[in-house]
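Okay, so here's the structure we're looking at.
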Number of protein chains: 2
Amino acid sequence: MARPLEFWFDFASTYSYIAVMRIERLCAAAGVPLVWKPFLLGPIFALQGWNDSHFNLNERRGNYMWRDLERLTAKFGLPWQRPSKFPRLSTAPARVAAAHSEEVWCGDFIRAVFVANFGEDRDIADPAVVHDILRALALPADEIVARAESAERRGQLRANTDWAIRFGLFGAPNCLIREELFWGEETLEDAVAWAQRD
Amino acid sequence: MARPLEFWFDFASTYSYIAVMRIERLCAAAGVPLVWKPFLLGPIFALQGWNDSHFNLNERRGNYMWRDLERLTAKFGLPWQRPSKFPRLSTAPARVAAAHSEEVWCGDFIRAVFVANFGEDRDIADPAVVHDILRALALPADEIVARAESAERRGQLRANTDWAIRFGLFGAPNCLIREELFWGEETLEDAVAWAQRD
């Protein structure tokens with residue numbers, strides 16, 4: 001019996017884009033239950049003393065990341081357009097995803113937001129863009145956004161982020177199988193194999 | 001006709017260990033010429049404002065790296081013993097490797113130094129340890145060390161490090177095919193494929 005794999009990601013994170021487009025299919029093929037865990041990297045980077053993405057703070061590292069993303073999106077056949085703003089505030093889509101992580105459409109929504117950010121250079125920080133993405137998936141956008149903002153569910157994103165801080169996440173994407181952490185887009189296969197045999 | 005692949009590494013670097021144990025076989029199987037390029041990360045980290053490995057400066061990131069190394073060495077069947085000192089000064093073995101990068105035995109020497117550091121917890125900063133490693137490979141250790149310290153060849157390591165700074169390397173290991181950089185142990189297959197088709 002495979003263990004569930006928790007996928008911890010931030011909509012602003014470039015390498016989360018590569019991973020998020022592949023993880024649901026990999027888990028399904030391996031019979032591993034997938035649990036979506038959106039969180040915010042901003043508070044974690046702040047704890048590490050950074051006031052921005054380290055890709056912006058370290059120019060050499062940042063230049064390499066953008067080139068790497070060109071190669072990786074080509075390798076996996078993913079849409080790619082370097083965003084005109086990076087990182088984008090991801091609170092609006094993350095709140096929707098965190099409040100609906102168990103819905104069957106959540107994977108489609110998550111992937112559509114990442115494609116909007118990194119394939120189409122759309123401003124996912126804008127609630128109107130999030131609304132449009134939901135509608136384009138033929139989902140009841142008003143109802144979903146209202147539920148994400150409700151007193152009952154609004155705190156889920158904060159709860160995820162607080163948990164990530166306590167556990168000690170330091171970046172994204174992450175696969176977590178019980179206490180076993182796999183960080184980075186290149187670890188997906190190893191993480192899924194771990195969940196299968198654990 | 002495949003392009004040469006330059007493999008830029010530091011003997012102190014944990015992820016260089018994983019990569020160095022695999023790269024020669026991967027290149028040989030693909031018909032890609034391999035060029036060894038030892039260099040020192042210390043001056044590059046200093047330029048980034050670090051006075052130590054970022055794995056020591058960022059505890060969460062460091063803890064993850066050590067766990068990751070356990071898993072990766074198990075995955076690839078490599079000897080593993082967490083070194084009692086990290087990072088170790090790598091100048092002594094790097095000077096030998098840089099001065100002899102075109103010798104047919106250089107790959108064997110490089111791998112033996114990495115196994116000493118990360119598989120046997122031996123102090124590779126100690127010239128006597130480097131001497132022992134050469135002798136254990138049935139090589140003329142005195143002659144080799146003398147050549148590495150000679151006026152003619154002693155500067156090769158510094159020249160490599162200066163080149164790495166000018167090019168903009170920011171970590172290790174790296175595969176470089178002309179100007180195309182692949183950083184990290186997980187990029188070896190992509191780098192070799194790039195060299196094959198370039």
Side-chain angles (χ1 to χ4, degrees), chain A residues 8 15 18-19 41 43-50 54-76 164-195 197-198, chain B residues 8 15 18-19 41 43-50 54-76 164-195 197-198:
Chain A
W8 290 78
Y15 286 104
I18 306 296
L41 274 171
I44 288 173
F45 286 170
L47 284 175
Q48 296 175 8
W50 304 341
H54 64 293
F55 294 126
N56 291 338
L57 297 172
N58 182 338
E59 190 186 350
R60 291 167 173 204
R61 184 72 190 81
N63 290 340
Y64 177 75
M65 180 276 284
W66 292 115
R67 176 63 183 140
D68 199 24
L69 259 283
E70 282 180 7
R71 290 191 309 228
L72 289 170
T73 49
K75 174 180 174 179
F76 294 117
I165 290 170
R166 283 197 307 277
F167 181 82
L169 295 186
F170 51 84
N174 309 278
C175 296
L176 195 62
I177 301 107
R178 291 198 288 186
E179 302 274 290
E180 194 71 24
L181 174 65
F182 291 84
W183 168 67
E185 63 79 26
E186 73 279 8
T187 66
L188 298 189
E189 279 81 0
D190 286 354
V192 170
W194 191 280
R197 75 158 192 262
D198 190 27
Chain B
W8 290 78
Y15 287 105
I18 306 295
L41 274 172
I44 288 173
F45 287 168
L47 285 175
Q48 295 176 9
W50 304 340
H54 63 296
F55 294 126
N56 291 338
L57 297 173
N58 182 338
E59 191 186 349
R60 292 168 173 204
R61 184 72 191 81
N63 289 341
Y64 177 75
M65 181 275 284
W66 292 115
R67 176 63 184 141
D68 198 26
L69 260 282
E70 282 180 6
R71 290 192 309 229
L72 289 170
T73 51
K75 174 179 173 177
F76 294 117
I165 290 170
R166 283 197 308 276
F167 181 82
L169 295 187
F170 51 83
N174 309 279
C175 296
L176 196 60
I177 301 108
R178 291 198 288 188
E179 302 273 291
E180 192 73 23
L181 175 64
F182 291 83
W183 169 66
E185 64 78 26
E186 74 279 9
T187 65
L188 298 189
E189 280 81 0
D190 286 353
V192 169
W194 191 279
R197 74 159 193 261
D198 190 28

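Labels below follow one simple rule: chain letters A, B, ... track the order of the sequence lines, proteins then strands, and each chain is numbered from 1. Bear in mind that the values here come from a model prediction, so they are computed numbers and not experimental data.
By the neighbour-count criterion of 12 heavy atoms within 6.0 Å, atom CD of A:Glu70 is densely surrounded, having more than that number from other residues, nucleotides or ligands. More than 12 non-hydrogen atoms from other residues, nucleotides or ligands lie less than 6.0 angstrom from CD of B:Glu189.
The minimum heavy-atom distance between B:Ile165 and A:Arg60, with the atom names listed, is O-NH2, 3.0 Å. Between A:Tyr64 and B:Trp183, the closest heavy-atom pair is OH-N, 2.8 Å.
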Stepwise side-chain contact (heavy atoms from CB on, under 4.5 Å) check, B:Arg67 with A:Leu181: CA-CA 9 Å; B:Arg67 176 63 184 141; A:Leu181 174 65; over 6 Å; no
Pair A:Glu180-B:Arg71, side-chain contact (heavy atoms from CB on, under 4.5 Å): steps then yes or no: CA-CA 11 Å; A:Glu180 194 71 24; B:Arg71 290 192 309 229; 2.9 Å; yes
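For B:Asn63, no part lies under 4.5 angstrom from a heavy atom of chain A. Heavy atoms of B:Leu169 lying under 4.5 Å from chain A belong exclusively to its backbone.
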